Amino acid sequence: MALKPFSKFLLAFYHLARRRLGNLLGQYHHLQSSSGISTYPKIIQTCLRVPQDDEHLRNKTLVLDVEGGLLRSTSTFPYFMLIAIEAGSFLRGFILLCLYPLLCCVTQEVKSKIMIMVCFVGLREEKVVRVARATLPKYFLEDLGREGLEVVSGVKRVAGVCRLIPRVMAEAFLKEYTEFEVVVGREVKMIRGRYVGFLRKESEGRLGQAKFDQNEMIGFGSSSSYFDYDHHQLFSRCKQVYLVTPEEKRKWSPLSRDQYPRPLIFHDGRLAFRPTPQATLAMFMWLPLALPLTVLRTIIFVKLPYSISVAIGSVIGVTTRVINSPVDTGKVGSEPHAQPSPQGHLYVCNHRTLLDPVYISAMLNKQVSTVTYSVSRVSELLSPIGTVRLTRNRDEDWRRMEQSLKQGDLVVCPEGTTCREPYLLRFSPLFVELVDEVYPVALVNWSSMFHGTSTGNFKYLDHFYYFMNPRPAYDVQFMDKMPTRMVIQGKRCESKEVANLVQGEIGRILGFRSTTLTRKDKYLRLAGNEGFADTKQ
């Protein structure tokens with residue numbers, strides 16, 4: 001008799017587990033609808049490949065499970081962590097990390113709801129939209145499976161279904177980079193422009209944005225999400241659904257940069273790594289040491305002479321490598337027969353962080369000046385070298401730069417803003433009109449944990465974030481000087497042509513691609529403004 005209550009408990013637990021986990025033994029059988037007609041007339045447990053000569057499939061409309069049929073990773077935790085930290089704060093990210101052991105013990109549905117609540121509650125819509133547009137695409141591109149992308153490129157129209165992550169997190173990426181016609185997914189409730197962390201039903205209006213012929217609709221997703229598809233508005237309309245098994249999906253290949261459906265030139269955000277649970281835990285363990293370390297590194301570079309600060313910096317983890325140093329080779333200003341110059345040398349470099357001119361000054365082992373544009377007052381006060389603030393007036397900027405050259409060497413970054421990726425933005429030609437020859441410098445840096453650039457608020461913390469990396473590294477390569485007065489095929493080159501030549505030479509040395517994009521393009525893409533910082537910060 002004593003076993004009877006226990007047997008009832010076991011029976012109730014069995015029914016609960018079966019409802020939660022589904023019928024695992026029968027998950028590959030055809031599901032029957034209430035009318036007795038199979039919801040999935042054809043299910044293939046392999047990666048769907050659409051041959052280029054298969055007109056029947058190429059004219060279909062594909063309903064794609066984004067998490068199951070496009071991304072290689074089965075975990076959505078990194079994307080939620082990016083929202084928590086980049087749109088929220090490190091405290092919010094720490095709370096999400098502390099909940100990770102709990103997330104491992106619940107179903108995928110409950111896990112997703114908990115992460116949405118923690119990451120979204122209290123956030124303004126514009127912050128989340130900005131992170132989704134400026135930060136998440138980089139991580140989505142790195143997670144794309146080549147086989148999944150081939151499926152997308154082999155059909156006429158694509159509708160994306162986000163089962164686990166809210167639509168707002170993926171829509172900008174899917175429409176801009178993979179050209180999805182419509183994206184549906186979980187919607188997070190809002191009150192007065194702020195998310196409350198609860199879910200509401202998918203918007204029927206979004207399904208109406210595109211008119212799909214039910215006879216032309218096929219589905220593609222993961223067999224591990226088999227039962228979810230039968231109840232989804234779009235998948236339930238498909239005549240055929242193709243599934244890829246987890247075993248096959250683990251064999252999917254990542255995309256190389258040149259295989260991206262669209263070049264990734266701009267992206268924003270402080271984190272320089274994919275925030276998996278293990279990597280995020282390492283970051284939070286490093287932070288207590290990183291905060292005093294970045295202050296120490298800043299003081300050393302600001303207060304001590306370069307000959308001392310560079311040596312001490314290498315001891316505390318700041319790696320710097322110089323190639324073709326003018327100090328060692330005697331290229332600049334050290335020739336015994338050199339004539340006194342009425343003005344200083346003009347160094348032209350690509351722009352990676354605000355520390356570019358400082359590193360050039362340190363490698364030259366002498367003081368130089370640099371031009372700034374819309375840089376915070378705090379950054380100017382902490383700068384160990386002189387700064388010349390530019391305006392938007394071309395004549396005034398030319399006068400200020402000329403005056404600075406009369407006083408000594410000057411470093412300019414003609415791109416006008418930083419670029420993290422291996423691309424060069426358009427070079428402003430103003431520097432060409434100042435001197436007869438310029439000294440190009442090619443720069444590249446590495447950050448393993450935090451990016452030292454941002455388009456958002458608190459730009460005055462950029463160099464602090466850079467020095468928070470465990471081992472920040474810079475390569476500084478001095479190139480041969482280039483004349484600015486050139487004649488090609490009997491025709492004198494215009495300043496824009498010379499600027500393009502300098503850009504091309506720096507790009508050739510670094511292996512970067514040159515573009516015609518500008519500072520304005522970057523800020524409009526990432527921040528929705530033209531990039532004017534609050535100079536009072």
Side-chain angles (χ1 to χ4, degrees), residues 138 142 257 264 267-275 279 282-283 285-287 289-328 347-365 368 370 379 382-385 411 413 415 417-425 440-454 459 461-479 506-513:
K138 170 182 170 61
E142 293 173 348
R257 181 176 290 275
L264 177 69
H267 73 89
D268 203 9
R270 290 297 188 184
L271 298 187
F273 63 97
R274 185 176 182 83
M283 179 196 71
M285 293 176 64
W286 169 253
L287 276 181
L289 178 61
L291 295 176
L293 184 60
T294 188
V295 174
L296 175 62
R297 287 169 170 173
T298 300
I299 293 175
I300 289 174
F301 273 86
V302 171
K303 296 296 183 181
L304 298 181
Y306 291 136
S307 57
I308 300 176
S309 63
V310 173
I312 297 178
S314 63
V315 174
I316 58 177
V318 181
T319 303
T320 309
R321 186 178 68 149
V322 60
I323 303 174
N324 298 330
S325 171
V327 176
D328 298 331
Y347 295 93
V348 179
C349 66
N350 59 305
H351 205 2
R352 301 293 287 182
T353 73
L354 290 178
L355 297 174
D356 295 340
V358 178
Y359 271 92
I360 292 176
S361 180
M363 295 304 100
L364 291 172
N365 197 24
V368 300
T370 186
S379 299
L382 291 175
S383 176
I385 61 177
V411 177
C413 305
E415 290 175 287
T417 187
T418 58
C419 185
R420 299 174 181 176
E421 298 301 314
Y423 294 91
L424 296 179
L425 306 186
V441 184
L443 301 172
V444 64
N445 71 310
W446 292 271
S447 299
S448 59
M449 194 168 287
F450 303 105
H451 286 298
T453 59
S454 174
K459 287 180 62 63
L461 295 177
D462 283 358
H463 78 277
F464 286 106
Y465 273 103
Y466 176 75
F467 280 139
M468 283 171 61
N469 285 287
R471 295 191 65 86
Y474 245 98
D475 274 6
V476 182
Q477 182 168 353
F478 291 91
M479 301 163 57
I506 293 178
R508 181 183 62 82
I509 293 295
L510 296 174
F512 289 4
R513 293 184 181 180

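Source: prediction; values computed, not measured. We use all heavy atoms of the structure for the numbers below, so side chains are in, but hydrogens, waters and symmetry mates are not.
- Checked by atom type, the side-chain pair Thr319/Tyr474 shows no donor-acceptor distance below 3.5 Å.
- In this structure a side-chain-to-backbone donor-acceptor pair under 3.5 Å is present from Thr370 to Val411.
- A donor-acceptor pair under 3.5 Å links the side-chain atoms of Ser314 to the main chain of Ala311, judged by distance alone.
- Using a 4.5 Å cut-off on side-chain heavy atoms (C-beta onward), Leu293 and Phe467 make no contact.
- The minimum heavy-atom distance linking Trp286 with Met449 is given by the pair CD1-SD, 3.4 Å.
- Taking 4.5 Å as the limit, some side-chain heavy atom of Ile316 sits within range of a side-chain heavy atom of Arg297.
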Would you sort out whether Val310 and Ile308 count as a side chain to side chain contact (heavy atoms under 4.5 Å, CB included), showing the intermediate values? CA-CA 6 Å; Val310 173; Ile308 300 176; over 6 Å; no
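- Leu287 has its side chain within reach of Phe450: a pair of non-hydrogen atoms, C-beta onward, lies under 4.5 Å apart.
- Atom CG of Asn445 sits about 11.0 Å away from atom OG1 of Thr320, to the nearest 0.5 Å.
- Taking every heavy atom of both residues into account, Asp268 and Ser454 meet most closely at OD1-CA, 3.5 Å.
- Judged by distance alone, the side chain of Glu415 and the main-chain N or O of His351 form a donor-acceptor pair under 3.5 Å.
- From Thr418, atom OG1 reaches atom CG of Asp356 across 8.5 Å, with rounding to the nearest 0.5 Å.
- Tyr347 OH to Cys413 SG: the interatomic distance, rounded to the nearest 0.5 Å, is 14.0 Å.
- Between Ser361 atom OG and Tyr306 atom OH the span is 3.0 Å, to the nearest 0.5 Å.
- Atom CD1 of Ile312 and atom CG of Leu296 lie 8.5 Å apart (nearest 0.5 Å).
- When side chains are defined from C-beta on, Ser447 counts as touching Tyr466, because their heavy atoms get closer than 4.5 Å.
- Within a 6.0 Å radius of CZ in Arg513, no more than 12 heavy atoms belonging to other residues, nucleotides or ligands are found.
- To the nearest 0.5 Å, atoms CG (Leu264) and OH (Tyr423) are separated by 7.5 Å.
- Counting heavy atoms from C-beta outward, Asp462 and Ser379 have side chains that stay 4.5 Å or more apart.
- At distances below 3.5 Å, at least one donor-acceptor pair connects side-chain atoms of Ser309 with backbone N or O atoms of Pro305.
- Annotation: side chain of Phe478 is in contact with side chain of Ile360 (closest heavy-atom distance under 4.5 Å).
- In terms of modelled atom types and a separation under 3.5 Å, the side chain of Lys459 and the main chain of Thr453 share no donor-acceptor contact.
- Test Ile323, Asn324, Ile506, Val348 against Met479 for side-chain contact (heavy atoms from CB on, under 4.5 Å) and you get one pass: Ile506.
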Criterion side chain to side chain contact (heavy atoms under 4.5 Å, CB included) on Arg321 and Gln477, from CA distance to verdict: CA-CA 8 Å; Arg321 186 178 68 149; Gln477 182 168 353; over 6 Å; no
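- Side chain of Asp475 to main chain of Val444: no donor-acceptor pair is present (N/O by atom type, distance under 3.5 Å, no hydrogens or angles).
- Ser448 and Pro470 get closest at one heavy-atom pair: OG-CD, 3.6 Å.
- Between His463 and Leu354, every side-chain heavy-atom pair lies at or beyond the 4.5 Å cut-off.
- The closest donor-acceptor contact from the side chain of Thr294 to the backbone of Phe464 lies under 3.5 Å.
- No side-chain donor-acceptor contact under 3.5 Å links Arg420 to the backbone of Arg352.
- Using a 4.5 Å cut-off on side-chain heavy atoms (C-beta onward), Leu271 and Met283 make contact.
- In terms of modelled atom types and a separation under 3.5 Å, the side chain of Asn365 and the main chain of Ala362 share no donor-acceptor contact.
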